[in-house]
Trainee: 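Quick one: the structure is below, questions incoming.
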Amino acid sequence: MKKKMVSVLLTAAMGASLLAGCGSEQAESVADTAESVAETVTETAEQTAEAVTETSEQTAEATEEITDYGTGEIKVWVADNVVDFTKETIDKWQTENPQYAGYTVTVEAVGEGDAAGNMITDVTAGADIYGFAQDQTARLVAAGALVEVAPENVSAIENDNAQGAVVAATVGDTLYAYPMTADNGYFLYYDKSVVTDPSTLEGILEQCEAAGKNFYMDMTGWYQVAFFFGTGCTLTYDSDSDGNFTGCTMDYDSDKGLVALKEMIDTASSKAYQPGSSAGDAVNYAAIIDGTWDAGVVKDFLGDNYACAKLPTFTGSDGKEYQMSGFNGCKLLGVKPQEDELKLAVCDALALYLTSEQVQLDRYNAVGWGPSNLNAQADDAVKADEALSALSEQFAYTIPQGQYPGDYWTNAEALAGDVTGSLQGASDDDIKAALKSFQETVSALR
Amino acid sequence: MANKQGSMKRNRAISNFFAYLALVIIVIIWLFPFVGLVLGSFRSYDSAVEYGGIVDYVIPKHFSLDNYRFVLSGQTNYIRWYINTVVIAFFVAALQTIIVLCVSYALSRMRFTGRTALMRFWLVLGMFPGFLTMICLYFLLKEMGLTQAGAIPGLILVSVASSGMGYYVCKGYFDTIPKALDEAARIDGASRARVFFTMTIPMSKPIIIYTALVAFMAPWNDYVFASYIAFGHDASYNVAVSMYRWMNTGDYQGYFTRFCAGGVLVAIPVTLLFMFLQKYYVEGVTGGAVKG
Amino acid sequence: MSNASGTGNKKNPVGNFFSVLGNGIKDIGVTFVSGDWKTKISYLVMGFGQIMRGQFLRGGMYLAVELLFIWFVTSFGGQYFAKLGTLGIVETTKKNRTTVYGDNSFLILLFGLLTVFFIIFLIVLWYMNIRDNKKQEEILKSGKTLPGNKADFLSLFDSNFDKTLLALPVAGVFAFTVLPIVFMICVAFTNYDATHQAPTKLFTWVGFENFRNLFSFGTGGFGSTFLSVLVWTLIWALLATFIDYFLGIAVAMLINKKGIKFKKFWRTCLVMTIAVPQFVSLLYVSKMFDSAGIINGTLMKLGIIQNAIPFWTDPTLAKITIVVVNIWIGIPYLMLMATGLLMNIPADLYESAKIDGATPWQMFRHITMPYMLFVTGPYLLTSYTGNLNNFNVIYLLTGGGPKSMTYTGGAGGTDLLVTWLYKMTINDTDYKMAAVIGIMVFVVTAVISLVVYQMLPSVKDEEGFQ
């Protein structure tokens, strides 16, 4: 039984790395993987040195004969705009790897948000492989909707992908998901004809006001950290590998936090300011803080005046200048816990393939999703992308988004509500009190 | 005398003028969103021509049929969603009407042990919010295989299963049909069932149409439960579920005009049907209101 | 003869219940002692007596149900029923990298309850079976014959037609309304939430813990949020009901005014809001009031306002906007209803008032309004409780927002208890608190219905407006 297990694992690993690797690195990476698997086997099985040699010999044999993975069904959930791409890719994968052809793979259009929600509601009915945004990792792990990445693939994924994406896929010390993109962040889109200097927030607001145009920025959880982290505040949570939160580091209730929140209130009081971060719903704007997914919409709207830049700096109420920060995040691909070993191996292989360098590059070419794979990021086409370059410029000032409890977003959205509402024109004391209560609630979340 | 009549006439004319003015204003307000919806549906989403998201003007700069072409072409499952909704609405209307008629007849005409207890019990049950039991219903249906791919029969089953509790209006109507008619037929040897099928039902056309109409219209609005049961299975969505995503999910930027077109296509048959059967609806609403 | 509480107070429903129960038990005992051997065996094998006496159809049905029950409990329900006390103890484990699921608390609770329902049903049927045996014996003893199978069957379409008509609807309500409600009431006493999610994690009974949380006013407690949401829910229902009511009547009177032509046209225009599915019309309207929508855009273009009016983002303004939009939805119903009712008011009442020199306002105040209020009293009550749970309007317009830090549990400024409940179920999977809120909605609805119902003029005084 054990022998079979090992051989399956190894075949999966090799098959996957064969697919994932390209060019001259191929042989090397396969060797690497084989080695690391052998090591794992040693540790877990606590076998003697002799046994190890024996095992590797046998597994080497086993790799030659294509193991029968049997038949089954695999359901994949990805966002609507990559459904066709994913279908084609999987077809290609199955023709290239006839050992997986016994599996019927269906691809359904379920957006990242819905996918996470559905997986948490009912794991058993959910997809076997699904795309989700990095902020859901801990929640999904806690709900038992993610299986940890096969140990033999871990190091390759960690080395090949942008560090922020790896952090986002990790809960505790365990890697739970496959990074698929690293374009989940925000930067500034602006209208060249209106905003001549996108380097300061004050300047942008002033020029928008003067031109009677709108400046869109969301102040909810994901975006407000641009101010808080910008002034040097921190907010991180510790989690164990089951996805439970164990602690929180937060210092919003401080002078730095006060500067940030006052700047938010101040920005929101501008008549050019509009809350919102989806270009599709925005009107009459000359600047919007948004992500790469809206690049097409913004380009259509701004036409020849389309331009991108990193986030601006702002001069705080203490007279100092701060660079706006933010999260950098990614989209991940997860595999749900399986009861069947062979199916799990196939799911692992498929997820690995769908997040490999080549597929990430293909995906960028097909739908414009920015890759998380470092080699793919170095590709010329990717580098020439205006929005992605602005984003990667901004990423220098951002913090990899780790795991946050679901209630953080709820509370942060509440704070955002107050920034445009009850905190407008509030005194410093009121603002401090709001910060204090925000910190109390948020840091107590688990 | 003539003078007084004249002033009265003038008064009436003035008050009529203001009444008309008020009515015209009201009608404009009432129809504005619908006009906007229809106009929006003719705005192209083709970025070379115009923007398909939310804009701050009503009249499109270029009229086009792009949105209709989009929803009716095979690019999305819209036609499937539409058929799903029609199927659900049709079956719910038919089955729900049958059940309501059965329950109302039994409660109106027959006296049996537990009758008042049953009515009271159902009244109490009705005070629980429907969304409370969503998760439970989901798993019940899942055990029967009626979620995801089987969501359509599942939705029909759930809507129909509890429809017995909505007997008030129909029972009220039956109560107004004189019992003497029943008794006379029974003396002639007709069974209860015969009376029900050959006398009561033919006399209840208005209430049958009212019940069926209300039941038919509800599924078009069902977003919450339908999306829960379909559980990400695109082919099982109804129009409300699928098009709600176009409005409220980031994946669908600039789908506003497509929503308008889809919405117009949904609204036309439902509205026509309603207008056509309005008389019965009014009868049901009025009767129901008076009886509580 | 019967137990003590039974004889006491006839009006006391609890005492009444015990007296019925006591009589039932006595009945069971007496029948067993005095019954013949067929009846005695029927205590174990349901329907045995009936079959032996020739009523195969009736007896066969009893027997079939009993067999079905035994099959259900042994093959399916029993295993869940046995674990109902703990809701499962076997944890989910990992075998290498595959997952071995343990007990599923959710299914244990659900099917455990289903089994309980079945047991109760069987006990009732068992009792009916005994009564039936007793009755048959009595009939036979008195020298009459039992009705044949055919007559027995045909009675289902005549004297027992109610059973035929109600069987399916009642079963449906039990399976898809009663069972889920009892299930959710049970959930309110467990710790079923995002961190205790079946099948990966177990959940278990926690007593009144969740109710304590609902009424705790400290940090993270639901107390203050619950109160504010409750107050807004009550106010909203009041505004939505009465504003629509009076405006609806006003519009109906306007259209019915003498000398106004095209009455049907005006009505048809208004009725559009009922005819067009709300998910289309309300979603469109919500975008109209958006900060980037048509209304703000037009006002800004006309130079009337400088900044967009935060229709949905300011809590107070959002509440007002919702009430206003609800007028748009609600008036047509009232208009339709009032049109019919206004015509029912005896015309001679107005005539005589006119002769007495009453002004139109006086006539409205003293004739129209009292009549309408009297007739539509029950409607107002159902409309009020309906508005307490008016999910569509709130959810499609604001989704319950805007959120504020003063609220816990993800509630927003315009959230009603039902939308809050919905969000807890969908967004936070906090089922235990959702269940508690659901129970509170029930309590609020029930209390209001009971209290108001007693005060209704049409209930107090049936002949009031004759």
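In what follows, chains are A, B, ... by sequence order, proteins preceding strands, each numbered from 1.
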Trainee: Do other residues, nucleotides or ligands put more than 12 heavy atoms under 6.0 Å from the OH atom of A:Y223?
Mentor: yes
Trainee: Listed by residue number, which members of residues 135-148 of chain B have a heavy atom under 4.5 Å from any heavy atom of chain A?
Mentor: B:I135, B:Y138, B:F139, B:K142, B:Q148
Trainee: Is chain B contacted by the side chain of A:K299, its backbone, both, or neither, given a heavy-atom distance below 4.5 Å?
Mentor: neither
Trainee: So for atom CG, which belongs to B:L31, do other residues, nucleotides or ligands contribute more than 12 heavy atoms lying within a distance under 6.0 Å?
Mentor: yes
Trainee: Under 4.5 Å from any heavy atom of chain B, what part of A:T121 do you find: side chain, backbone, both or neither?
Mentor: both
Trainee: Please determine whether the number of non-hydrogen atoms from other residues, nucleotides or ligands lying under 6.0 Å from atom OH of A:Y306 exceeds 12.
Mentor: yes
Trainee: Side chains of B:F231 and A:V110: does their closest heavy-atom pair fall under 4.5 Å?
Mentor: no
Trainee: Out of curiosity, B:Y45 OH to A:D300 CG, how far, rounded to the nearest 0.5 Å?
Mentor: 12.5 Å
